[in-house]
> 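Below are the structure tokens for one structure; questions will follow.
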Amino acid sequence: MTYDNHARLTRRGFCLCCVGATTFAVSGGWLTPREVFAQAQGIVDMIRSAAAKAPIEVHTLRGNVSVLEGSGGNVAVLTGPDGKVLIDAGITASRPRMLEAMSGLGREPIRHLINTHWHFDHTDGNEWLNREGATILAQENARKHLMSAQRVEDWDFNFSPSPPAALPSETVSDEKSLRLNKATLLLKHRPNAHTDGDITVAFAEADIFHTGDIYWNGIYPFIDYSTGGSIDGTIAAVEAILASIGDRTIVVPGHGQPVSNKAELQAYRDMLTTVRANVANLKRQGRSLDDTVAAKPTAAFDAKWGQFVIGPAFFTKLVYEGV
């Protein structure tokens, strides 16, 4: 699929959508906080199951960069004489279809993998990709999370430590520049955004920017407070990204339709800042979480942003936890 500036958001390639769409249709998305927590239980297994069946769609961008959609997060692939470079690993259950899709991009071996953060839908494939020959790089906090057991409270899930072959052998603290396949990759840590170990990856010459899960295109985002994420840090990271890109920049989000742009990212920023202000105002009034959810502070955005895995009540709860 060739890059289309007006590409529509589709649910077919987004394996998380099947988890939340049915619940939203039945309930209008307005669950109580207790119901939201119950809905989150089992989400990891459901996502893995969906990835085992989802097709992988290839989006060809420019500068030998493509995006593979359908295995957890959106996976960028840079091809060239230094071997394939992947941004994120997807979910292991997608391995046969991922290999098939990558074989269509060229015969180069897989040599490099960059994790944008530690979450399983971006790192579950680390082990098999390392065995294929990929050196793994991540932010140092992401590596720490992968090395030890982690609990994500809002998913009610405990993750075991990753096996040795899945651990990054290289880390970045703040920023790093790589020269691979005649392309310059600029890595930058975005502290306390989606997690405390997020990095973004810019392909300088091609003018392509992979945001990881700092940006969910057309979808309310998940913010992982359990491992250092925050609503304020997410907004600060989006503001910094907007200041560094132009109108022609192709923006690759962590989830949602994988080909985006600055205008859509600005709309995302506006949604985040408005919802944060609405929830903060209700919290200052002394409203409980239940009362804040009942006030529907996301209502103006629900038709566009709230019909996928993170429904309006769940997102309200996440923002409430951080303001």
Side-chain angles (χ1 to χ4, degrees), residues 63 65 73-76 78 82 85-89 111-123 126 129-130 134-148 150 152 161-162 166-216 221-246 249-255 260 262 265 268-269 272-273 322:
V65 179
N74 293 319
V75 176
L78 170 68
D82 296 321
V85 181
L86 274 64
I87 313 302
D88 282 334
R111 286 291 178 258
H112 301 274
L113 167 62
I114 299 169
N115 293 146
T116 61
H117 61 293
W118 77 272
H119 282 159
F120 81 102
D121 51 329
H122 299 258
T123 62
N126 277 16
L129 285 165
N130 175 257
T135 299
I136 306 173
L137 182 151
Q139 206 278 334
E140 56 191 24
N141 290 333
R143 186 179 191 276
K144 290 176 184 177
H145 293 311
L146 290 169
M147 289 178 64
S148 60
Q150 301 294 320
V152 177
S162 297
L167 295 175
S169 59
E170 300 178 15
T171 61
V172 55
S173 174
D174 180 26
E175 55 187 41
K176 188 180 185 72
S177 176
L178 301 173
R179 185 71 181 173
L180 294 166
N181 294 329
K182 301 180 181 179
T184 306
L185 281 65
L186 304 174
L187 283 55
K188 176 68 177 172
H189 180 215
R190 310 293 175 170
N192 302 109
H194 176 64
T195 68
D196 63 3
D198 299 296
I199 55 174
T200 56
V201 182
F203 299 86
E205 292 84 2
D207 197 13
I208 296 169
F209 200 104
H210 197 306
T211 68
D213 275 7
I214 292 167
Y215 173 35
W216 294 44
F222 178 67
I223 300 169
D224 185 6
Y225 293 96
S226 297
T227 55
S230 69
I231 181 65
D232 289 344
T234 298
I235 292 172
V238 172
E239 294 279 10
I241 294 167
L242 285 169
S244 70
I245 64 175
T249 304
I250 299 174
V251 180
V252 179
H255 293 286
S260 188
K262 185 173 185 178
L265 185 60
Y268 177 74
R269 182 270 318 275
L272 292 176
T273 56

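Only this structure's heavy atoms are used, side chains among them; waters, hydrogens and symmetry mates stay out.
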> With no hydrogens and no angle check, do the side chains of D88 and H210 hold a donor and an acceptor under 3.5 Å apart?
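Distance-only check fails for D88 and H210.
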> Quick check: does any side chain N or O of D198 sit under 3.5 Å from a backbone N or O of H117, one acting as donor and the other as acceptor?
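Not a single qualifying donor-acceptor pair exists.
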> Report yes if some heavy atom in the side chain of F120 is under 4.5 Å from a heavy atom in the side chain of V152; otherwise report no.
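SC-SC contact between F120 and V152 ruled out.
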> What closest approach, in Å, do L186 and A204 show between heavy atoms, and which atom pair accounts for it?
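Heavy atoms of L186 and A204 come nearest at CD1-CB, 4.3 Å.
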> Can you find a pair of side-chain heavy atoms, one from Q139 and one from D174, that are under 4.5 Å apart?
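No, too far: nothing below the 4.5 Å cut-off.
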> Please report the closest heavy-atom contact between N192 and G228, naming both atoms and the distance.
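Looking at all heavy atoms of both residues, the shortest contact is ND2-O, 2.9 Å.
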> Contact between I114 and L185 at the side-chain level, heavy atoms closer than 4.5 Å - yes or no?
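SC-SC contact between I114 and L185 confirmed.
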> Can you name the salt bridge (charged side-chain N to carboxylate O under 4.0 Å, His left out) partners of R143, sequence neighbours left out?
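Per chain and number, R143 pairs via salt bridge (charged side-chain N to carboxylate O under 4.0 Å, His left out) with no residue.
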> Tell me whether K262 contacts the main-chain N or O of T249 through its side chain, where contact means a donor paired with an acceptor under 3.5 Å.
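Between the backbone of T249 and the side chain of K262 there is no qualifying donor-acceptor contact (under 3.5 Å).
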> Shortest non-hydrogen contact from I231 to G322?
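Closest pair (atom of I231, atom of G322, distance): CG2-O, 3.8 Å.
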> Working to the nearest 0.5 Å, report the span between NE2 of H112 and CG of D82.
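Nearest 0.5 Å value for the NE2-CG distance: 6.0 Å.
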> Starting at CD1 of I208, measure out to CD1 of I250 and round the result to the nearest 0.5 Å.
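I208 CD1 to I250 CD1: 4.5 Å, rounded to 0.5 Å.
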> More than 12 heavy atoms of other residues, nucleotides or ligands under 6.0 Å from NZ of K176: yes or no?
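At most 12 heavy atoms, drawn from other residues, nucleotides or ligands, come within 6.0 Å of this atom.
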> Taking C-beta and beyond as the side chain, do H189 and V172 meet within less than 4.5 Å on heavy atoms?
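Side-chain contact under 4.5 Å: no.
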> Indicate the atoms forming the closest heavy-atom contact of H122 with N115, along with that distance.
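Heavy-atom minimum between the residues: O-ND2, 3.5 Å.
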> From D232 CG over to L272 CG, what is the distance, rounded to the nearest 0.5 angstrom?
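That separation rounds to 10.5 Å.
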> For the residue pair N141 and G197, what are the closest heavy atoms and their distance?
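Closest approach of N141 to G197: CB-CA, 4.0 Å.
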> I need the single residue from L137, N130, L146 that forms a side-chain contact (heavy atoms from CB on, under 4.5 Å) with P168. Which is it?
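Of the listed options, the one satisfying the test is L146.
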> What residues form a side chain to side chain contact (heavy atoms under 4.5 Å, CB included) with S244, not counting sequence neighbours?
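If we apply the side chain to side chain contact (heavy atoms under 4.5 Å, CB included) test to S244, skipping adjacent residues, the hits are F209.
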> Within this structure, what is the CD-CD distance for the pair E140 and E170, rounded to the nearest 0.5 Å?
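That separation rounds to 13.5 Å.
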> Would you say T211 and V251 make side-chain contact, with heavy atoms under 4.5 Å?
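Touching, per the 4.5 Å side-chain cut-off.
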> So L129 and I136, side-chain contact (heavy atoms from CB on, under 4.5 Å) or not? Walk me through it.
CA-CA 9 Å; L129 285 165; I136 306 173; over 6 Å; no
> Are any side-chain N or O atoms of N74 and backbone N or O atoms of P253, one a donor and one an acceptor, separated by less than 3.5 Å?
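Judged by distance alone, yes, a pair lies under 3.5 Å.
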> Under 4.5 Å between any side-chain heavy atoms of F203 and I87, yes or no?
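In short, these two side chains touch, coming nearer than 4.5 Å.
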> In terms of the angle between their ring planes, are H255 and W216 parallel, tilted or perpendicular, with boundaries placed at 30° and 60°?
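Because their plane-to-plane angle lies in the 30° to 60° range, the rings of H255 and W216 count as tilted.
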> Looking only at non-hydrogen atoms, find the nearest pair between S169 and T135 and report the distance.
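That closest heavy-atom pairing would be OG-CG2, 3.5 Å.
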> Could you tell me which residues satisfy side chain to side chain contact (heavy atoms under 4.5 Å, CB included) with T227, sequence neighbours excluded, listed by chain and number?
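W118, H119, H145, Q150, T195, D224.
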> Pair F222, D213 - check side-chain contact (heavy atoms from CB on, under 4.5 Å), show working.
CA-CA 8 Å; F222 178 67; D213 275 7; over 6 Å; no
